[in-house]
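Order of the sequence lines fixes the chain letters, A, B, ..., with proteins taken first and strands second; residue numbering starts at 1 for each chain. Being a predicted model, the structure only gives us computed values, none of them experimental.
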2 protein chains.
Amino acid sequence: MATNNPVIQLFDNPTQRKDPVACDSCSLYSLCLPLGLNNHDLQKLDQIIDREQRYQRNDRLFRADTPFTALFVVRSGTFKTTVAASNGREQITGFYFPGEFIGLDAIYTENYQSTATALETSTLCALPFTRLQTLGADIPQLQINMLRRSSKELASDKNLMILLSKNNADARLATFLLSLSARFQERGFSTTRFRLSMPRKDIANHLGLAVETISRLFARFQQQGLIDVAGKSITLVDLPNLQARCEH
Amino acid sequence: MATNNPVIQLFDNPTQRKDPVACDSCSLYSLCLPLGLNNHDLQKLDQIIDREQRYQRNDRLFRADTPFTALFVVRSGTFKTTVAASNGREQITGFYFPGEFIGLDAIYTENYQSTATALETSTLCALPFTRLQTLGADIPQLQINMLRRSSKELASDKNLMILLSKNNADARLATFLLSLSARFQERGFSTTRFRLSMPRKDIANHLGLAVETISRLFARFQQQGLIDVAGKSITLVDLPNLQARCEH
DNA sequence: CGCGCGTTTGACATGACTCAAATGCTGTGG
DNA sequence: CCACAGCATTTGAGTCATGTCAAACGCGCG
C-alpha cells in the first residue's frame with residue numbers, strides 16, 4: 001500500500017522551512033541563474049530577488065495575457081502552465097520542478113503566454129524582469145545564463161513536439177516517466193522512485209491522451225513489470241525496457 | 001493550371017540578387033537582430049556577419065549533434081529543421097522563412113539539436129556565436145534581442161504542442177495554413193495567396209499526419225470552398241471558416 | 001463515517017493510418 | 001523538343017489505436 005511505503009520526500013516541506021536562503025547557499029545554485037557569477041554580481045542579483053513567494057494547491061501564479069512582470073524559479077513544489085485552446089479546452093504546456101524557470105516565453109510578447117498554477121504547496125523566487133534587464137546590461141554572464149535557460153527549454157519543447165506528433169500512447173507515457181526521472185536526477189533525487197505530484201488527468205492532458213488511456217497504460221506497464229505504481233508513488237522497475245518503449 | 005497562374009513571387013531569386021546588403025538597408029531589418037541598435041553598435045555587428053551563405057535544395061546547413069558555431073537568419077528561401085527519432089524516423093520541428101532564426105535551441109547544449117536543410121535555393125546570414133557573445137557583453141540591446149527571439153520561438157512552439165496534442169487533422173492543417181499566412185503578412189506578402197515551398201510529405205510530417213491525410217484534407221477543404229490549391233500554389237478563400245476549423 | 005472526486009474498468013465508435021495502385025509532375029539526357 | 005524515369009500526389013479499401021460514454025470503485029478530506 002502506498003500509505004505504508006515510506007515514499008522518498010522529494011521537496012522541502014515549506015511549512016517546516018527556515019527563512020529562504022540567499023543564492024550562495026541555495027541547493028539549486030548550480031541549476032539556476034547565478035551560476036558563474038562573481039560574488040559582487042551575485043550580491044546585486046540577490047538584492048532584486050523576491051523569495052517570499054508561497055502558493056497553495058490550485059493557487060494561480062499568473063494568468064495568460066496579463067502583463068509580464070517577472071520570471072519565476074521554482075524553489076519547492078510543482079507548478080503547471082496551461083493554455084486555453086479556443087474551444088474552451090485547456091492544454092498543459094509544462095510541469096515545473098525546483099530550479100526550473102517559469103515565464104521565459106513571455107519575454108517576447110511582454111504578456112504571459114500561459115496560466116501558471118501550483119499543483120501542491122510550493123515556493124518560488126520572483127525575478128522582476130525590468131530590474132533583471134537593467135542588471136543584465138552590467139553583467140553579461142547574467143544575460144548569457146537567461147539565454148541558455150531559454151535555449152534549454154526550447155530544446156526540450158522540440159522533443160515534446162516530436163513525442164506528441166510521432167509517438168503512440170505507450171511511448172508518450174514511457175518518455176514522460178523517464179523525463180521526470182532525469183529531472184529528479186539533476187536535482188539529486190532518486191531516479192527510480194518518486195511521487196507523481198500531478199493527477200492522472202493532468203498527465204493525460206499534457207500527453208494529449210485520455211485519462212482512461214493513462215490509467216490503462218499504468219495498469220499494463222505494471223503487469224509487464226516495467227513499473228510499480230500505487231496511487232501517487234511510482235517506482236521505475238525496468239529502466240532499459242521502459243527506454244525501449246520510448247520508440248514508435 | 002498551376003503553371004498558367006502567375007503565382008506571387010514570395011522571395012528574391014538569389015541568382016538575380018545584387019551583393020547582399022548590409023543590415024541598415026536590409027528589408028528584414030525590423031524583424032531581425034539589429035533592431036534598436038544605434039549606428040555605432042550596428043556597424044560592429046555588421047562586421048561579424050557572414051552574408052555569403054547560399055544553399056541549394058536539399059543542401060544541409062548543419063547536422064544535429066555537431067558543435068554549435070553560429071546562429072543563422074534566413075534571408076531568402078526556406079529551411080526546415082529535422083530531428084531523428086530513435087526509431088529512425090524523422091520529425092520536422094520547424095520551417096524557417098526570411099527573417100527567422102535557426103539554431104537558437106543549440107545555445108544551451110552547444111551542439112545543434114536538429115539538422116537544417118534548404119527546401120529550395122536559399123540564402124542566409126551567419127552570426128558566429130562566440131563573436132556575438134563578445135559583442136553582446138558591450139551591447140546589452142543585442143542580448144535582449146536574442147533573448148526576445150528565443151522567447152518568441154518558445155511561444156510559438158508551445159502553440160504547436162497544443163496543436164499536436166489536442167487537435168484533429170482538420171484543425172492541424174487549418175492552423176498550419178493560417179500560421180504561414182500570418183508569417184507572410186509580417187514580411188509584407190499576401191496573406192491569402194502564396195506558394196507552399198515544402199512538399200506534402202513535409203507538411204504531413206510536421207503536423208504528425210500521414211501524407212494521404214494531407215492530400216485528402218486539401219481536396220476536402222477545396223470542395224468546401226475554404227481554399228483553392230493547385231500544386232504548390234494555394235489561395236486561402238474563406239479565412240473566417242478556416243479560422244473556425246482551427247478548433248477541436 | 002460519508003461524500004465527492006480521482007481513478008479504474010468495460011463496451012463500443014471512429015478518425016487516421018497502412019497498404020496498394022493509379023495518376024501527375026519535373027527534371028534530364030538523347 | 002520529346003521521351004522517359006523517378007518522385008510527388010491522389011484515391012480507394014480495410015484495420016486498429018485511441019477516444020467516448022457509462023458505471024463501479026476507492027481514497028482522502030471534512
Atom-to-atom span, [atom1] of [X] to [atom2] of [N] - whole angstrom:
X: A/Lys166; N: D/dA17; atom1: NZ; atom2: P; answer: 18 Å
X: B/Lys232; N: D/dA8; atom1: NZ; atom2: P; answer: 9 Å
X: A/Asn58; N: C/dC5; atom1: CG; atom2: P; answer: 13 Å
X: B/Leu164; N: C/dG15; atom1: CG; atom2: P; answer: 19 Å
X: A/Ile203; N: D/dT18; atom1: CD1; atom2: P; answer: 17 Å
X: B/Lys201; N: C/dC25; atom1: NZ; atom2: P; answer: 19 Å
X: A/Leu173; N: C/dT8; atom1: CG; atom2: C1'; answer: 15 Å
X: A/Asp170; N: D/dC16; atom1: CG; atom2: P; answer: 16 Å

Given [options], the nucleotide with the shortest approach to the side chain of [X]:
X: B/Leu209; options: C/dA16, D/dG19, C/dT8; answer: C/dA16
X: A/Ala169; options: D/dT18, D/dT9, C/dT7; answer: D/dT18
X: A/Glu212; options: D/dT20, C/dC17, C/dT7; answer: D/dT20
X: A/Arg200; options: D/dA8, C/dT8, D/dT10; answer: C/dT8
X: B/Asn168; options: C/dA16, D/dC21, D/dA8; answer: C/dA16
X: B/Val211; options: C/dA16, C/dT8, D/dT10; answer: D/dT10

Can you tell me if A/Thr213 touches the phosphate of D/dG19, counting only side-chain N or O atoms and a distance under 4.0 Å to OP1 or OP2?
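Yes, within the criterion.
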Stepwise side chain to side chain donor-acceptor pair (under 3.5 Å) test for B/Thr235 and B/Arg193
CA-CA 4 Å; B/Thr235 308; B/Arg193 192 121 189 284; 3.2 Å; yes
CZ of A/Arg60: more than 12 outside heavy atoms within 6.0 angstrom?
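No, CZ of A/Arg60 has 12 or fewer neighbouring heavy atoms, counting only those of other groups under 6.0 Å.
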Q. Regarding B/Thr81 and B/Thr93, is there a side-chain donor-to-acceptor distance under 3.5 Å anywhere?
A.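 Yes - a donor-acceptor pair under 3.5 Å links their side chains.
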**Prompt:** Looking only at heavy atoms, what is the nearest atom pair of A/Glu90 and B/Lys166, with distance?
**Reply:**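 Minimum heavy-atom separation between A/Glu90 and B/Lys166: O-CE, 3.4 Å.
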| said: Measuring from atom CZ of B/Arg245 to atom CZ of B/Phe221, what distance do you get when rounded to the nearest 0.5 angstrom? | reply: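 Rounded to the nearest 0.5 Å, the CZ-CZ separation comes to 5.5 Å.
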What about B/Arg216: does its side chain form a donor-acceptor pair under 3.5 Å with the base of C/dG15?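 Under the 3.5 Å cut-off, the side chain and the base do not form any donor-acceptor pair.
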